[in-house]
Undergrad: 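Have a look at the structure that comes next, please.
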Amino acid sequence: MALNLIRKFALASLLTLLSSATVSAQTLVFTAIPDEDETKLVERFTGIADYLAGELDVDVRYIPVKSYAAAVSAFRNNQVQLAWFGGLSGVQARELVPGSEAIAQGVEDKAFYTHFIAHKSTGLDEMETLSDELRGKTFTFGSKGSTSGRLIPEYYIRETFDDSPDDVFSRVGFSGNHTRTLRLVEAGTYDVGAINFSVWDKELENNNIDTDAVKVIWTTPSYPNYQWSVRGDVNEQFGEGFQKRLQEALLAMDDPELLESFPRSGFIPVSNDAYEPIRVVGKQIGIID
């Protein structure tokens with residue numbers, strides 16, 4: 001009897017150890033919406049993976065995706081447990097995975113902006129409000145699932161003109177990302193485009209914009225945008241308290257090179273409630289069911 005109890009206790013201990021080993025051996029996989037060129041994203045997030053691995057003592061891997069929808073699908077299907085989303089894609093992803101939470105946003109994401117930029121050939125100047133001068137021009141959004149490149153600019157176009165973008169502009173396109181929007185307007189392929197201020201400022205700082213060819217003509221009011229979102233079952237996968245440790249690691253990130261790659265000055269706590277305005281606007285214009 002005593003021998004059987006010892007054997008059972010030993011077996012239980014072994015199973016516990018094996019279970020713990022399985023958890024610790026798991027890899028935290030994350031992705032990000034493809035809002036810039038893939039080369040830039042891989043460079044940025046490989047550094048983030050290395051940082052998180054060191055802070056959390058688990059393997060961490062970044063996987064790139066080809067579209068905003070693919071980022072949301074990867075999150076929904078548990079192919080990734082963490083993602084750097086825009087406001088809209090974050091709302092969409094969290095609604096698909098019960099218990100998922102926004103846990104950190106960039107300092108700048110609390111009050112984000114979208115610029116409308118125009119090619120010099122349009123003759124458009126800076127304007128306080130969107131003007132009828134835009135009617136008949138060609139216009140490009142970024143990705144169809146982008147907050148700053150599609151949702152917010154479309155909202156203000158509809159609000160101002162009481163028309164859909166297709167009725168305001170002679171041709172409407174979707175470039176796929178902010179960098180591509182900049183290049184298309186800079187080249188005159190489109191007259192006007194929507195680009196987030198962060199990408200514009202970064203490209204301007206790096207002397208990657210021909211300011212004789214393209215300029216900012218209007219800027220939206222502020223709105224909440226990018227954030228790190230984590231699946232609601234992350235503690236079950238990686239152990240009790242893991243989500244809190246992950247959030248603390250993101251908030252503690254202070255490496256100037258890593259932050260500059262976003263670019264952000266740091267990360268601050270955030271919750272799902274902060275993105276309720278995005279959900280409401282998404283429903284209003286039919287992007288969210």
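Excluded from the calculations below are hydrogen atoms, water molecules and symmetry mates; all remaining heavy atoms, backbone and side chain alike, are included.
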Undergrad: Has the side chain of Q81 got a donor or acceptor atom that lies under 3.5 Å from a matching backbone atom of V234?
TA: no
Undergrad: Is there a side-chain contact between L82 and L52 in this structure, where contact means two heavy atoms from C-beta onward sitting under 4.5 Å apart?
TA: yes
Undergrad: Give the cluster check for V91 versus V281: same hydrophobic cluster or not, with ILVMFWY residues linked at side-chain heavy-atom distances below 4.5 Å.
TA: yes
Undergrad: Could you go through the side chain to side chain contact (heavy atoms under 4.5 Å, CB included) check for F161 and L134 one step at a time?
TA: CA-CA 10 Å; F161 299 106; L134 290 170; 4.3 Å; yes
Undergrad: Is a side-chain N or O of S148 found less than 3.5 angstrom from the main chain of T114, in a donor-acceptor match?
TA: no
Undergrad: Return yes when atom NZ of K137 has more than 12 non-hydrogen atoms of other residues, nucleotides or ligands closer than 6.0 Å, and no otherwise.
TA: yes
Undergrad: Out of R279, R94, E101, which residue meets the side chain to side chain donor-acceptor pair (under 3.5 Å) rule with N272?
TA: R94
Undergrad: Backbone N or O of L88 within a donor-acceptor pair of the T147 side chain at under 3.5 Å?
TA: yes
Undergrad: Are M253 and L250 side-chain neighbours, meaning at least one heavy-atom pair lies under 4.5 Å?
TA: yes
Undergrad: When you measure from the side chain of T220 to the backbone of Y113, do you find a donor-acceptor pair of N or O atoms at a distance under 3.5 Å?
TA: no
Undergrad: Given side chains that start at C-beta, do those of S146 and D35 come closer than 4.5 Å, heavy atoms only?
TA: no
Undergrad: Determine whether D191 and F169 make a side-chain contact, defined as any pair of heavy atoms from C-beta on separated by less than 4.5 Å.
TA: no
Undergrad: Is there a donor-acceptor contact under 3.5 Å from the side chain of T27 to the main chain of V29?
TA: no
Undergrad: Would one find more than 12 heavy atoms of other residues, nucleotides or ligands at under 6.0 Å from atom CD of E248?
TA: yes
Undergrad: For R180, I'd like to know if atom CZ has over 12 heavy atoms of other residues, nucleotides or ligands within 6.0 Å.
TA: no
Undergrad: Are any of the side-chain heavy atoms of P64 and P34 separated by less than 4.5 Å?
TA: no
Undergrad: Any chance you could lay out the side chain to side chain contact (heavy atoms under 4.5 Å, CB included) test for E108 and S265, step after step, and finish with the verdict?
TA: CA-CA 7 Å; E108 293 77 7; S265 57; 2.8 Å; yes
Undergrad: Any heavy-atom pair between the side chains of F116 and L124 that's under 4.5 Å?
TA: no
Undergrad: Is there a path of hydrophobic side-chain contacts, each under 4.5 Å between heavy atoms of I, L, V, M, F, W or Y residues, that connects Y156 with L151?
TA: yes
Undergrad: Can you check side chain to side chain contact (heavy atoms under 4.5 Å, CB included) on F75 and R231, steps first, answer last?
TA: CA-CA 7 Å; F75 191 83; R231 283 179 55 93; 3.6 Å; yes
Undergrad: V60, L259: one ILVMFWY side-chain cluster at the under-4.5 Å cut-off?
TA: yes
Undergrad: Donor-acceptor pair, distance only, cut-off 3.5 Å: does the side chain of N77 make one with the backbone of Q79?
TA: no
Undergrad: Report yes or no: does T46 contribute a side-chain atom to a donor-acceptor pair with the main-chain N or O of E43 at less than 3.5 Å?
TA: no
Undergrad: Check the angle between the aromatic planes of F141 and F139 and answer parallel, tilted or perpendicular using the 30° and 60° thresholds.
TA: perpendicular
Undergrad: Kindly work out whether a path of hydrophobic side-chain contacts (I/L/V/M/F/W/Y, heavy atoms less than 4.5 Å apart) joins F85 to F112.
TA: yes
Undergrad: Which atoms form the tightest heavy-atom contact between S175 and L184, and what is the distance?
TA: CB-CD1, 3.7 Å
Undergrad: Return yes when atom CG of D162 has more than 12 non-hydrogen atoms of other residues, nucleotides or ligands closer than 6.0 Å, and no otherwise.
TA: no
Undergrad: For W228 and F262, take the angle between the two ring planes, folded into 0 to 90°, and tell me which bin it lands in: parallel under 30, tilted 30 to 60, perpendicular over 60.
TA: perpendicular
Undergrad: Are there over 12 heavy-atom neighbours, none belonging to R61, within less than 6.0 Å of that residue's CZ?
TA: no
Undergrad: Looking at N225, is its backbone amide N or carbonyl O close enough to the side chain of Y275 to form a donor-acceptor pair, meaning the two atoms are under 3.5 Å apart?
TA: yes
Undergrad: Would you indicate whether the side-chain heavy atoms of V216 and F197 approach each other to under 4.5 Å?
TA: no
Undergrad: When you look at R183 and T189, which way does the side chain to side chain donor-acceptor pair (under 3.5 Å) test go after all the steps?
TA: CA-CA 9 Å; R183 300 302 165 222; T189 308; over 6 Å; no
Undergrad: For Y226 and W84, I'd like to know if the aromatic rings sit close, meaning centre-to-centre distance below 6.0 Å.
TA: yes
Undergrad: Following the transitive rule for hydrophobic clusters with a side-chain heavy-atom cut-off under 4.5 Å over Ile, Leu, Val, Met, Phe, Trp and Tyr, establish whether F267 and V107 coincide in one cluster.
TA: no
Undergrad: Atom NZ of residue position K120 - does it have more than 12 heavy atoms of other residues, nucleotides or ligands inside 6.0 Å?
TA: no
Undergrad: Taking atom CD of E38 and atom NZ of K66, what is their separation to the nearest 0.5 Å?
TA: 4.0 Å
Undergrad: Could you tell me whether a side-chain N or O of S170 sits under 3.5 Å from a main-chain N or O of G136, the two making a donor and an acceptor?
TA: yes
Undergrad: For a salt bridge (charged side-chain N to carboxylate O under 4.0 Å, His left out) check, start with the C-alpha distance between K40 and E203, then their side-chain angles and the critical distance, and finish with the verdict.
TA: CA-CA 12 Å; K40 295 180 181 179; E203 293 296 290; 2.9 Å; yes
Undergrad: Is it the case that the side chain of H115 and the backbone of I117 share a donor-acceptor pair, with hydrogens and angles ignored and the cut-off at 3.5 Å?
TA: no
